[in-house]
Engineer: 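The structure under discussion is supplied below as structure tokens; questions concerning it will follow.
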There are 2 protein chains.
Amino acid sequence: MARQPKIPETSADERRDAYHHGDLKRALTHAALALVQEKGPKGFTLREVARRAGVSVAAPYRHFADKAQLLAAVATQGFVQLHETLSAIAAEPADLTKQVLDLGRAYVRWAVTHPDYYQVMFGSELDKNDPDLLTAGSRAFDELLGAIVRCQRARLLSDGDPREIAGPTWSLLHGIASLTIGRDLNHVGIRDDPQALAERALRALLFA
Amino acid sequence: MARQPKIPETSADERRDAYHHGDLKRALTHAALALVQEKGPKGFTLREVARRAGVSVAAPYRHFADKAQLLAAVATQGFVQLHETLSAIAAEPADLTKQVLDLGRAYVRWAVTHPDYYQVMFGSELDKNDPDLLTAGSRAFDELLGAIVRCQRARLLSDGDPREIAGPTWSLLHGIASLTIGRDLNHVGIRDDPQALAERALRALLFA
DNA sequence: ACCTGAACACCGTTCAAGT
DNA sequence: ACCTGAACACCGTTCAAGT
């Protein structure tokens, strides 16, 4: 029997399931993001992600070295979202002092409205050395750094390495976010709105 | 056959393995503390704890409802240790301002020298509603609260609910501790000694 | 090149049964 | 009352084999 002439290869590929085109990686990340939001970081399993993407349990290992690397992809998307939120605020024309306070409030708001992402981003189960994660994290931090530099130029903050100011600032915001998500502030009788708490604390830390 | 007269019951109990006296709970907690320090929070398993205590995998369930409750016991011991560290500082006669700064430095020092405990204490895997955990946590927090109240009485800090000052203070310290343990500050180019960072930031937040 | 099937070495948790 | 043995329903990860 003579072989049928081959249908053009790209077309053949296209008739397969979407995931076989080489974007299974994207599909897995997408499924992972949804799963983290649905079940939280504790209910997150590689097998369930594979199930949702409609592939075998071994398939993800073609695209991610291990679970920690898939979680890093989730965290990266988290930092991208956080960065977008912050850069939208940095783009608004506003009093420089107010801008820093707004950034702080936006940071905390994003964290408490995305507690699952936030826990993954700062948890100990993800691959902290993932290059994409590092750059996404740095970019979000740079938004804070930029606002501080602008305040320094306007003499609203003392001169010197802006990191010396950004370090405590980020620590304060992360502390408020993380103790709020963990309900730790609640447990010791602090029931303030975390955004208000952030604004007051930032004022004291930076502009007292 | 006549039954032998019973040997005194306490004596009979004492001849068994030590764990069968009713202190298996303590033995399990002890093993758990050691395991967390050896393998970190990720390598911590209930089965390994049981193995180290020399009992079956089901035995721990007589004393702890689940893994989250055993982790709460570990966290409780962590807060007890942290409390001891802080109360030793609060007991020293010193300038009240210096005492608050010293408390902050001690908090951060304890955290970064016990990263595994610290991650369990503020992680999402433990039972946060455990009563012992709640009181141990509150006691540690009260040490900070007390120092703030003393500063208020000496007019070194503004009057009002001390929690309004303690909240941001704890958040700042927790943020520094947690971002240091996670190497996040490092990744954005902040390589300061966390204790020095804590002191500087506390000065700015409280005594600027 | 990319995915599947099947296996390996683990988990947390439950429960009848032993003492 | 307290613990064991054995099971159940999962995990993450690996690897030969398929296409």
Side-chain angles (χ1 to χ4, degrees), chain A residues 3 6-7 9-10 12-29 31-32 35-36 39-74 120 123-127, chain B residues 3-4 6-7 9-29 31-32 35-36 39-74 120 123-127:
Chain A
R3 266 157 117 249
K6 274 208 291 199
I7 298 166
E9 291 182 9
T10 53
D13 283 328
E14 274 161 22
R15 251 185 266 105
R16 296 172 167 214
D17 291 343
Y19 298 158
H20 294 231
H21 279 285
D23 54 23
L24 174 55
K25 181 164 187 173
R26 208 177 311 268
L28 289 167
T29 308
L35 183 57
V36 166
K39 305 249 174 127
K42 286 144 74 181
F44 181 92
T45 73
L46 213 47
R47 292 175 100 102
E48 174 74 16
V49 171
R51 235 170 268 139
R52 291 184 176 216
V55 295
S56 77
V57 296
Y61 288 91
R62 292 287 132 193
H63 301 277
F64 300 96
D66 51 23
K67 187 184 177 183
Q69 211 164 91
L70 180 52
L71 280 173
V74 172
V120 169
S124 58
E125 299 199 82
L126 81 179
D127 177 8
Chain B
R3 262 156 119 253
Q4 287 283 108
K6 274 210 291 202
I7 298 166
E9 290 180 11
T10 54
S11 172
D13 284 328
E14 275 162 23
R15 250 184 267 107
R16 298 171 167 212
D17 289 343
Y19 297 157
H20 295 228
H21 280 284
D23 54 25
L24 174 56
K25 181 164 187 173
R26 207 179 311 270
L28 288 167
T29 308
L35 183 58
V36 166
K39 307 247 172 128
K42 285 144 75 183
F44 182 92
T45 72
L46 214 48
R47 291 176 100 101
E48 174 74 16
V49 171
R51 235 171 267 138
R52 290 185 177 214
V55 293
S56 78
V57 295
Y61 288 91
R62 292 287 133 193
H63 301 279
F64 300 96
D66 50 22
K67 187 184 177 183
Q69 211 164 90
L70 180 51
L71 280 173
V74 171
V120 170
S124 59
E125 299 199 83
L126 83 178
D127 177 8

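Basis for what follows: all heavy atoms, side chains included, without hydrogens, waters or symmetry-related copies. If you're wondering where the values come from, they're calculated on a predicted model, not measured in any experiment.
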Engineer: Does B:S56 place a side-chain N or O at less than 4.0 Å from the phosphate oxygens OP1/OP2 of D:dC3?
Structural biologist: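 So the side-chain polar atoms of B:S56 never come under 4.0 Å of the phosphate oxygens OP1 or OP2 of D:dC3.
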
Engineer: Report the distance from atom NZ of A:K67 to atom CG of A:L126, rounding to the nearest 0.5 Å.
Structural biologist: 11.5 Å

Engineer: Just jot down the side-chain contact (heavy atoms from CB on, under 4.5 Å) partners of A:A68, sequence neighbours excluded, or say none.
Structural biologist: A:D66, A:D127

Engineer: Is there a side chain to side chain contact (heavy atoms under 4.5 Å, CB included) between B:R52 and B:L35? Walk through the geometry before answering.
Structural biologist: CA-CA 9 Å; B:R52 290 185 177 214; B:L35 183 58; 3.6 Å; yes

Engineer: Restricting to non-hydrogen atoms, name the atom on A:S56 and the atom on A:A50 that form the minimum distance, rounded to 0.1 Å.
Structural biologist: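 Minimum heavy-atom separation between A:S56 and A:A50: O-CB, 3.6 Å.
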
Engineer: Atom CZ of B:F44 and atom C1' of C:dC10: how far apart are they, to the nearest Å?
Structural biologist: 16 Å

Engineer: Between NZ of A:K42 and CD of A:E125, what distance do you get to the nearest 0.5 Å?
Structural biologist: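 Rounded to the nearest 0.5 Å, the NZ-CD separation comes out at 11.0 Å.
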
Engineer: Which whole-number value in Å describes the distance from A:K25 NZ to C:dC3 C1'?
Structural biologist: 17 Å

Engineer: Would you kindly give the CD-to-P distance between B:E48 and C:dC10, to the nearest whole Å?
Structural biologist: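 Interatomic distance, CD of B:E48 to P of C:dC10: 10 Å.
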
Engineer: Rounded to whole angstrom units, what separation is found between the CZ atom of B:R51 and the C1' atom of C:dC11?
Structural biologist: 10 Å

Engineer: Just the rounded figure in Å: distance from P of D:dC11 to NZ of A:K42.
Structural biologist: 16 Å

Engineer: Sugar-phosphate means primed atoms, P, OP1 and OP2; the rest is base. With that split, encode nucleotides 13-18 of chain D 5' to 3' as B, S or - using protein heavy atoms under 4.0 Å.
Structural biologist: BBB---

Engineer: Tell me every residue that passes side-chain contact (heavy atoms from CB on, under 4.5 Å) with A:A32, counting only those two or more places apart in sequence or in another chain.
Structural biologist: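 A:A32 satisfies side-chain contact (heavy atoms from CB on, under 4.5 Å) with A:F44, A:V49, A:L70, A:V74 only.
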
Engineer: Minimum heavy-atom separation for A:H63 and A:L28, please, with both atom names.
Structural biologist: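 So the two residues come closest at CD2-CD1, 4.4 Å.
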
Engineer: How would you list, by chain and number, every residue that makes a salt bridge (charged side-chain N to carboxylate O under 4.0 Å, His left out) with B:R51, sequence neighbours excluded?
Structural biologist: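 Salt bridge (charged side-chain N to carboxylate O under 4.0 Å, His left out) check on B:R51 returns B:E48.
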
Engineer: Are A:H63 and C:dC3 close enough that a side-chain N or O sits under 4.0 Å from OP1 or OP2?
Structural biologist: yes

Engineer: Which string of ( ) [ ] | and . matches DNA chain C, if you list each base 5' to 3' and count Watson-Crick or G-U pairs only when both distances are under 3.5 Å?
Structural biologist: ||.|||||...|||||.||

